[in-house]
2 protein chains.
Amino acid sequence: MTDIDTDNSPIPERKRGSGVKMVYDLLRDEILDLVLPPGSPIDEVQLAERLKMSRTPIREALVRLAGEGLIDTLPNRSTMVANIDFLNLNPFFDALVLMYRVTTRLAAQNHRPEDLPIIRGFHEDYAAAVQARDALTMIATNAAFHAAIAEAGRNPYFTSLFRRLLDEGRRILRLYYQSYEEQFPQRFVDEHAAIIAAIAARDIETADRLGKAHAEQIVEQVQKLFARNNKLDIAL
Amino acid sequence: MTDIDTDNSPIPERKRGSGVKMVYDLLRDEILDLVLPPGSPIDEVQLAERLKMSRTPIREALVRLAGEGLIDTLPNRSTMVANIDFLNLNPFFDALVLMYRVTTRLAAQNHRPEDLPIIRGFHEDYAAAVQARDALTMIATNAAFHAAIAEAGRNPYFTSLFRRLLDEGRRILRLYYQSYEEQFPQRFVDEHAAIIAAIAARDIETADRLGKAHAEQIVEQVQKLFARNNKLDIAL
DNA sequence: TGTATTTTTCTTGTCGACAAATAAAATACA
DNA sequence: TGTATTTTATTTGTCGACAAGAAAAATACA
């Protein structure tokens, strides 16, 4: 082995403020896709070596992730990917259903014409993923679709909470879809279309009702997966 | 002026993890009490000198505060206390009213016996502040009272959003009470008592209704202050 | 005098190093 | 052999220093 890099390290330089964002995005994606499963230890030094930067920007990214509840930090000890409380998902479901409702309702009330193409774009991406039976893309595009609706509702407080819930939902769904290759039914695509129509028509009450029903469908679907999984666990 | 500290700097040492929390709490309090008004620049070096520590823990505290929306950071440039969008407080009011409702409802549903003494304690603190016509303590204890109710509701997603809204509310109220020495009416104390009763009785619907009415009262009160202030602004 | 360009200053972002706190390993002791 | 104590090792929290980026100041030019 020689001292000279095989690639002669041509461009090891990054732009000045990009380090933190790079680490943040990388870790966030790996956490949400369960590449880093809940409970995984996160080693600052190791990350620093891998990404060829000092610990400082990595530390800042970790602080931000901790603020969003994606990692847990034990003082003076280890830091690890946040666990999911599978024994009591009710608070999560409660918050998720309410935010589905509220953001859909507000989108019907406050959206601007330029919002609709964006929402429709994610809707089509989602439909394509359903067609292709690509569960992972379905999970991600579904979250993006509803996040876009929330943006159109123009309430940053609701939007930020909803994004956090959708992120957590990605982790939960990913956990079950990777083992069972389940898929969202076509029904969800149709419901998305109906939601878009209600928003475009500025029909607030219908949007509210559809948002709530859609959310409860999803919760029910997840709970079904859970029940089946628990039965299997017991059977084994 | 001599080089020797007047106090001989006897214990300049802090415990290891306490630096960040100290800075965070200090800045948070100063921001919420408008000691640092919206738009104030925050100088890392200056803070480091004042608190006799390096910039690293200060930076970490700033990252956390930015994550909570209390400060804004411009890349490679200044960082300053987050502004308040006075021209459009509707999203704030919408979110505030909904969280008042939801947290009060959930408290009626999920509280445990040990939660009630805590809630009643803040209730008494608030009543005392009203009696003493101490506007600042009223603002703070009112927020603490409702945060305690949210905790009893045991939904961390709602609680964290609600805390953020209550923080923002402290800033808004503080701005107006410091100029007009207005005060919350006795009515709010009575409403608080009724809310506690509904929670203790586990009367979910009543708690929901009272929480909503109480929130709308507060929003109306704030909007009244705004209207009066705007009239004065125009008159001047 | 007004505008464009260069220089300076000031603040932030990143780095490498060191010390404290904890966990793990090793040792002593019963 | 089992428990308590010391020692080692690993990881975090903090520090001081330096360089990049942008604003402000100074200069050049019309």
Side-chain angles (χ1 to χ4, degrees), chain A residues 3 5 9-28 30-31 36 39-67 69-83, chain B residues 3 5 9-28 30-31 36 38-83:
Chain A
D3 276 329
D5 284 359
S9 51
I11 310 168
E13 339 177 1
R14 285 159 248 96
K15 276 164 221 152
R16 195 172 147 84
S18 69
V20 178
K21 181 172 164 48
M22 169 177 300
V23 183
Y24 172 83
D25 288 339
L26 174 70
L27 284 180
R28 182 171 178 280
E30 291 192 350
I31 290 172
L36 294 175
S40 304
I42 295 180
D43 186 344
E44 297 176 4
V45 178
Q46 190 176 318
L47 267 173
E49 288 172 2
R50 178 148 74 98
L51 301 179
K52 303 223 193 305
M53 60 178 73
S54 92
R55 277 175 52 221
T56 308
I58 287 168
R59 227 136 188 293
E60 179 172 332
L62 292 182
V63 170
R64 283 172 52 183
L65 289 168
L70 290 179
I71 65 174
D72 287 333
T73 302
L74 307 190
N76 278 321
R77 270 193 278 157
S78 65
T79 145
M80 55 192 207
V81 178
N83 278 103
Chain B
D3 277 327
D5 284 0
S9 51
I11 310 169
E13 339 176 2
R14 285 158 248 96
K15 276 164 220 153
R16 194 172 147 82
S18 68
V20 178
K21 182 173 163 45
M22 169 176 301
V23 183
Y24 173 83
D25 289 340
L26 174 71
L27 284 180
R28 183 172 177 279
E30 291 192 349
I31 291 172
L36 294 175
S40 304
I42 296 181
D43 186 345
E44 297 176 3
V45 178
Q46 192 176 319
L47 267 174
E49 289 172 1
R50 178 147 74 98
L51 301 179
K52 304 223 193 305
M53 59 179 73
S54 94
R55 277 174 51 220
T56 307
I58 287 169
R59 226 138 189 291
E60 180 173 332
L62 292 182
V63 170
R64 284 172 51 183
L65 289 168
E68 297 168 24
L70 290 178
I71 65 175
D72 287 333
T73 301
L74 308 190
N76 278 320
R77 272 195 275 155
S78 65
T79 146
M80 56 192 208
V81 177
N83 278 104

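Protein chains get the first letters and strands the later ones, always in sequence-line order, with residue 1 at the start of each.
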Practice item. Specify the separation, in whole Å, of atom CG of B:Leu47 and atom P of C:dT11. Key: 12 Å
**Study point:** A:Glu60 side chain reached by B:Glu60 side chain, heavy atoms, under 4.5 Å
**Key:** no
Review point. Do A:Leu62 and A:Leu27 have side chains that get closer than 4.5 Å, going by heavy atoms?
Key: yes
Exercise for review: Output yes when at least one side-chain N/O atom of A:Ser54 is less than 4.0 Å from OP1 or OP2 of C:dC15, else no.
Suggested key: yes
Exercise for review: Please state how far atom CD in A:Glu60 lies from atom P in D:dT14, giving the value in whole angstrom units.
Suggested key: 15 Å
Exercise for review: Could you check if a side-chain atom of B:Arg55 sits within less than 4.5 angstrom of a side-chain atom of B:Leu47, using non-hydrogen atoms only?
Suggested key: no
Tabulate protein N/O versus nucleotide N/O from nucleotides 21-23 of chain D, keeping only pairs under 3.5 Å, one per line.
{"residue": "D:dA22", "atom": "O3'", "partner": "B:Arg77", "partner atom": "NE", "Å": "3.3"}
{"residue": "D:dA23", "atom": "OP1", "partner": "B:Arg77", "partner atom": "NE", "Å": "2.8"}
{"residue": "D:dA23", "atom": "OP1", "partner": "B:Arg77", "partner atom": "NH1", "Å": "2.8"}
{"residue": "D:dA23", "atom": "OP1", "partner": "B:Arg77", "partner atom": "NH2", "Å": "3.3"}

Exercise for review: Whole angstrom is fine here: how far is it from CD in B:Glu44 over to P in D:dA17?
Suggested key: 17 Å
Exercise for review: Could you pick out which residue, B:Val20 or B:Arg55, lies toward the 5' side of DNA chain D when each is mapped onto its nearest nucleotide?
Suggested key: B:Val20
**Study point:** Atom-pair distance (CD on A:Glu49; P on D:dT11), nearest Å
**Key:** 10 Å
Check your understanding: Rounding to a whole Å, what distance do you find between A:Ile58:CD1 and C:dC15:C1'?
Key -> 12 Å
Exercise for review: Give one of base, sugar-phosphate or nothing for A:Ile42, where a contact means two heavy atoms less than 4.0 Å apart.
Suggested key: sugar-phosphate
Practice item. Answer with base, sugar-phosphate or nothing: what part of the nucleic acid does A:Leu62 contact at a heavy-atom distance below 4.0 Å? Key: nothing
Exercise for review: State, yes or no, whether a side-chain contact exists between A:Met80 and A:Ile71 at a heavy-atom distance under 4.5 Å.
Suggested key: no
**Study point:** Side-chain touch A:Arg14/A:Lys52, heavy atoms, less than 4.5 angstrom
**Key:** yes
Check your understanding: Which is true for A:Thr79 with a 4.0 Å heavy-atom rule: it touches a base, it touches only sugar-phosphate, or it touches nothing?
Key -> sugar-phosphate
Point to revise | Integer-rounded Å distance: D:dT14 P and B:Met22 CE | key: 10 Å
Revision key, fill the gap. Correct closest heavy-atom pair for B:Ile58 and B:Ser54 would be CD1-O, 3.9 Å
**Study point:** B:Leu26 side chain reached by B:Leu51 side chain, heavy atoms, under 4.5 Å
**Key:** yes
Practice item. Could you tell me which nucleotide pairs with C:dA30 by Watson-Crick or G-U wobble geometry, both distances under 3.5 Å, or answer none if nothing does? Key: D:dT1
Exercise for review: If D:dC18 has a Watson-Crick or G-U wobble mate with both distances under 3.5 Å, name it; if not, just say none.
Suggested key: C:dG13
Revision key, fill the gap. Separation of C:dC10 atom C1' from B:Asp43 atom CG, nearest Å, is 9 Å
Point to revise | Interatomic distance, A:Leu51 CG vs C:dC15 P [rounded to whole Å] | key: 11 Å
